[in-house]
Structure formats: C-alpha cells, structure tokens
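Everything below concerns the one structure shown next.
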Amino acid sequence: MHTVLVTGGAGFIGSHLVHQLIGRGDCRVVNLDKLTYAGNSEAVAEVAGDRNYTFVKADVCDVDRVADLLKRHHCNAVIHLAAETHVDRSIAGPGEFVRTNVQGTFGVVEASKQYWSNLPADQRDVFRVVHVSTDEVYGSLGDDGAFDESSPYRPNSPYSASKAASDHLVRAYHQTYGLPTIITHCGNNYGPWQFPEKLIPVVIRQAVAQQPIPVYGDGTNVRDWIHVSDHCRALHQIWRHGRPGEVYDVGGGGERSNLDIVKTVCQSVDTVLGRSEPSVDQIQFVRDRPGHDFRYAIRGEKIRSELGWGPEVTFQEGIRETVAWYLDHRDFLQTNPLA
Ligand SMILES: Cc1cn([C@H]2C[C@H](O)[C@@H](COP(=O)(O)OP(=O)(O)O[C@H]3O[C@H](C)C(=O)[C@H](O)[C@H]3O)O2)c(=O)[nH]c1=O
C-alpha cells in the first residue's frame, strides 16, 4: 500500500487523479487543497467516505503544515498539482500566481526535504516528489517543430513564468539536496470538472445559452490537447517508474487549432441538443490575449519509449463524453469565474 499526498486534489486534474489512485486499490490518498474558486469538493464527493481517502483543507505555502501531514500519514510520495492555472487571470493579476505557484512549490519541496531527510534509508529510496507543470514553460512555437525535454525555457505569460520558476526550484532541490523529484510538462487538458473559464467549457456554456462564443484573435492558435484521464495515467506511471531528477513531457499528437476545437464542440452540442441552427454561428472573434502564445506541441517520445505510456482516449470520443457531462451538470457550467 502506498500513501500519496496529492496537492490540489479538489481541482480539475487533481480530482481525476484522486479518483484514479483510489480506484487502483493500492493507494491511500491525502488530498491537500485550499479550496480556492477552482477547487470543488463535489468533484471528489464520490471518494469522500472511502477509508483510503483523507481530505485536508490547507495551503501549500504552509511548510510546517505540509511537513506535518507527510509525517502524520507516513507518505511515500507527493504529487503536486496545487496551482493557479488560468493564463487570462495571470495577466489581470500576477501576484496570486507568484504566491501560489512559486511560494507554494517552495512549501512543498521544503516540507518534503525536511520529511524525506529524516526517513530511514529504505524509505528514502522509494520517496518521490512529482511536480506537475506545463508545456507553456517552453514558450511559443511557429508552424513547425515540437517541444521535448531539452527545449529551452521561454515562458511568456505571468502564469507560465511562475510555473517555470517553480520548475527551477524543484530542480534545485534535486541538484542541491538530492530530493528525488520528477518534473512533468503536459499540454491542454480537457474533460469533466474543468472550471468554466477555460476554452472548452466556455464554448459549451455559450453554445448552450445561445450566447456569443469568444474566439481570441483569428482562432489559428494551436494547442496540444489531451484527455485528463490520460494525463492522470501518465502521472501514475511517472511516479512509479520515472527516474528522479528527470523531466517527462506528457502528450503528443493532439494538436488542434482553437477554431477547430470550437467548431467540434459546437457540433457536438448541436447533436446532443438536436439543434437545427448551428452554434458555430455564435462565434465572435474578440480582442486577442496579450502576448498570446501561437502554438504548443509536444513530441512525447521519452515517455513513450521509457515508460510505455501513450494516450488512449480519442479526441472525438473524449469531446463527446465531455459535452454530455457538462450538459448533465449545467449548474457547474454556470459557475461564475469572477465570483
Ligand atoms: C478562454 C478562452 C480561450 N481562448 C483561446 C486561448 C488559447 O489559445 C486557447 C486555450 O485557452 P485556455 O485558456 O483554455 O488554455 P491555455 O491558455 O492554452 O492554457 C491551458 O493549458 C496549459 C497547458 C496550461 O498549463 C494552463 O494551465 C491551462 O489553462 O483558446 C479563446 O479563444 N477564447 C476563450 O474564451
């Protein structure tokens, strides 16, 4: 039996990870989440009564609290997902991103170091800290090429800069203290429980309400999309079999332009709702995001060859399931991101 401290386990990706880990039957999960606007206890309600699950409302910036939890629950891994994640919000107010993503990651690695350095040697060997980061740290690509683990860091938004800074702290704790850390970079996730501020749930919400669907700039920007369950399978694989001190980029092959995404989602909504007037007619090209990265793409070779991981959910299948889920959870879709 393993005991994993998951930070941000009430968030979008974190909640899926918590479900997967509990579902395996060989993991206890301690879910540390501050329950900010993007955290949702409902997303983990199904596991709330499970004997292998503990929820703790806390802040990753609180080093003593994190260290105490690691000790109290005899954790043998930390998977760190707690973060501010929305690029537009980081442009409007970068301070919270620096605090949560940089100071918060410091809290996690410092607490982990204190705990890990006092473990007996055999437990020190198996302990891991997996830091969940983003392909955005590599900056923007032109029409060709793809990121790999050796790509230089060129973050462009306050969000990606804060994640890049957090990656450097994690790396430094490995280099300086020998803390067994692993860094992951994933592309754009989609699936149930994603907060309705990100592109896909925004499009679903607006399409359903027959309101304008905002497309930034000309909609030609490209992202590398992955279903959240595939990302979580990768995180498990990386934690169990990845090498400390290494970086693994997660994804590959999911490239789509924003306009393509918007059209696919609109068609899916129209099909489910039996609409005759196409939702794509609601598309409205709006002012571009400042410093908008043009394209992200992940090679994904290392994780395939070293860990045998690859995505399993096709985009068509994943979008169909995601749209159906949101249409069944319209209250969540109406959550006001500015509340
Ligand atoms: C919300 C919104 C977005 N967009 C555009 C902007 C982007 O080119 C694309 C996706 O935007 P979104 O904000 O959903 O995601 P990214 O800015 O690519 O970043 C996301 O994926 C990475 C990997 C993370 O690491 C971030 O945490 C995560 O938020 O659609 C629009 O055109 N209209 C809209 O209303």
Side-chain angles (χ1 to χ4, degrees), residues 8 11-14 36-38 80-92 94 96-97 100-101 131-141 146-147 153 155-167 183-191 193-207 209 211-228 230-231 234 249-252 254-266 280 282-298 300 319 322 333 337-338:
F12 164 48
I13 302 170
T36 63
Y37 80 95
H80 174 43
L81 297 106
E84 289 291 335
T85 65
H86 194 47
V87 175
D88 294 328
R89 279 178 186 267
S90 82
I91 294 167
E96 195 50 37
F97 285 71
T100 303
N101 299 355
H131 173 59
V132 181
S133 188
T134 168
D135 62 356
E136 297 196 14
V137 298
Y138 297 132
S140 183
L141 292 164
F147 302 129
Y153 276 57
N156 291 316
S157 70
Y159 160 69
S160 53
S162 69
K163 290 299 283 186
S166 69
D167 286 10
I183 295 171
T184 72
H185 297 134
C186 193
N188 286 58
N189 282 232
Y190 71 96
W193 291 113
Q194 187 169 36
F195 197 77
E197 61 185 352
K198 305 287 200 283
L199 179 64
I200 288 178
V202 164
V203 174
I204 300 172
R205 182 188 66 209
Q206 297 301 96
Q211 293 293 314
I213 297 169
V215 173
Y216 300 168
D218 60 6
T220 55
N221 302 64
V222 172
R223 299 290 182 265
D224 200 333
W225 292 89
I226 182 173
H227 192 270
V228 61
D230 280 331
H231 183 193
D249 294 347
V250 182
E255 275 189 73
R256 276 165 201 275
S257 74
N258 292 346
L259 255 187
D260 181 23
I261 292 285
V262 172
K263 287 179 181 166
T264 308
V265 172
C266 283
V280 284
Q282 294 158 225
I283 290 176
Q284 201 169 84
F285 292 96
V286 298
R287 195 172 74 90
D288 210 354
R289 174 185 278 173
H292 197 174
D293 285 339
F294 175 62
R295 177 171 163 260
Y296 309 135
I298 296 170
I319 281 295
T322 302
L333 208 46
L338 300 175

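Just so you know, ligand 1 is whichever comes first in the structure, and atom 1 is the first atom listed for that ligand.
D293 and Y138 form no side-chain donor-acceptor contact under 3.5 Å, judged by distance and modelled atom types alone. The closest side-chain donor-acceptor pair between S166 and H131 falls under 3.5 angstrom. D167 and Y153 form a side-chain donor-acceptor contact under 3.5 Å, judged by distance and modelled atom types alone. Y296 and N188 are not linked by any side-chain donor-acceptor pair at a separation below 3.5 angstrom, with hydrogens and angles left out of the test. Between D249 and H185, the side chains place a donor N or O and an acceptor N or O closer than 3.5 Å (distance only, hydrogens not considered). Side-chain atoms of K163 and T85 include no donor-acceptor pair closer than 3.5 Å.
Contact check for C266 versus I213: side-chain heavy atoms found under the 4.5 Å cut-off.
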Is there a side-chain contact (heavy atoms from CB on, under 4.5 Å) between V87 and R289? Walk through the geometry before answering. CA-CA 9 Å; V87 175; R289 174 185 278 173; 3.7 Å; yes
Criterion ring pair (Phe, Tyr, Trp, His ring centres under 6.0 Å) on Y216 and F285, from CA distance to verdict: CA-CA 6 Å; Y216 300 168; F285 292 96; over 10 Å; no
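From the protein, the heavy atom lying nearest to atom 20 (C) of ligand 1 is N188 ND2, 3.5 Å. Counting only heavy atoms of the protein, atom 3 (C) of ligand 1 lies nearest to Y216 CE1, 3.5 Å. In terms of protein heavy-atom proximity, atom 30 (O) of ligand 1 is nearest to N258 ND2, 3.2 Å. From the protein, the heavy atom lying nearest to atom 29 (O) of ligand 1 is K198 CE, 2.8 Å. P214 O, 2.9 Å is the protein heavy atom nearest to atom 33 (N) of ligand 1. Scanning all protein heavy atoms for the shortest distance to atom 14 (O) of ligand 1 gives L199 N, 2.8 Å. Considering only non-hydrogen protein atoms, atom 19 (O) of ligand 1 sits nearest to E136 OE2, 2.8 Å.
Atoms of ligand 1 lying under 4.0 Å from at least one heavy atom of H86, given by number and element, are 13 (O). Residue V87 has at least one heavy-atom neighbour below 4.0 Å for each of these atoms of ligand 1: 17 (O). Numbered from 1 in the order shown, with element, the atoms of ligand 1 that lie under 4.0 Å from a heavy atom of E197 read 1 (C).
At under 3.5 Å, not a single nitrogen or oxygen of W225, backbone or side chain, sits near a nitrogen or oxygen of ligand 1. In terms of polar-atom proximity, V215 is not counted as a contact of ligand 1, lacking any N or O under 3.5 Å from an N or O of the ligand. Between R289 and ligand 1, a contact under 3.5 Å exists for at least one N or O pair. Where the criterion is an N or O separation shorter than 3.5 Å, residue side chain and backbone included, D88 fails it with respect to ligand 1.
When heavy-atom distances to ligand 1 are checked against a 4.0 Å cut-off, D135 comes that close only through its side chain, counted from C-beta outward. With a 4.0 Å heavy-atom cut-off, ligand 1 is reached by the backbone of T85 and by its side chain too.
Salt bridge annotation for R89-E96: absent, with no cationic side-chain nitrogen under 4.0 angstrom from a carboxylate oxygen.
Between K198 and H86, the shortest heavy-atom distance links the atoms CD-ND1, 3.5 Å.
Within the 4.0 Å heavy-atom cutoff, H292 counts among the residues contacting ligand 1.
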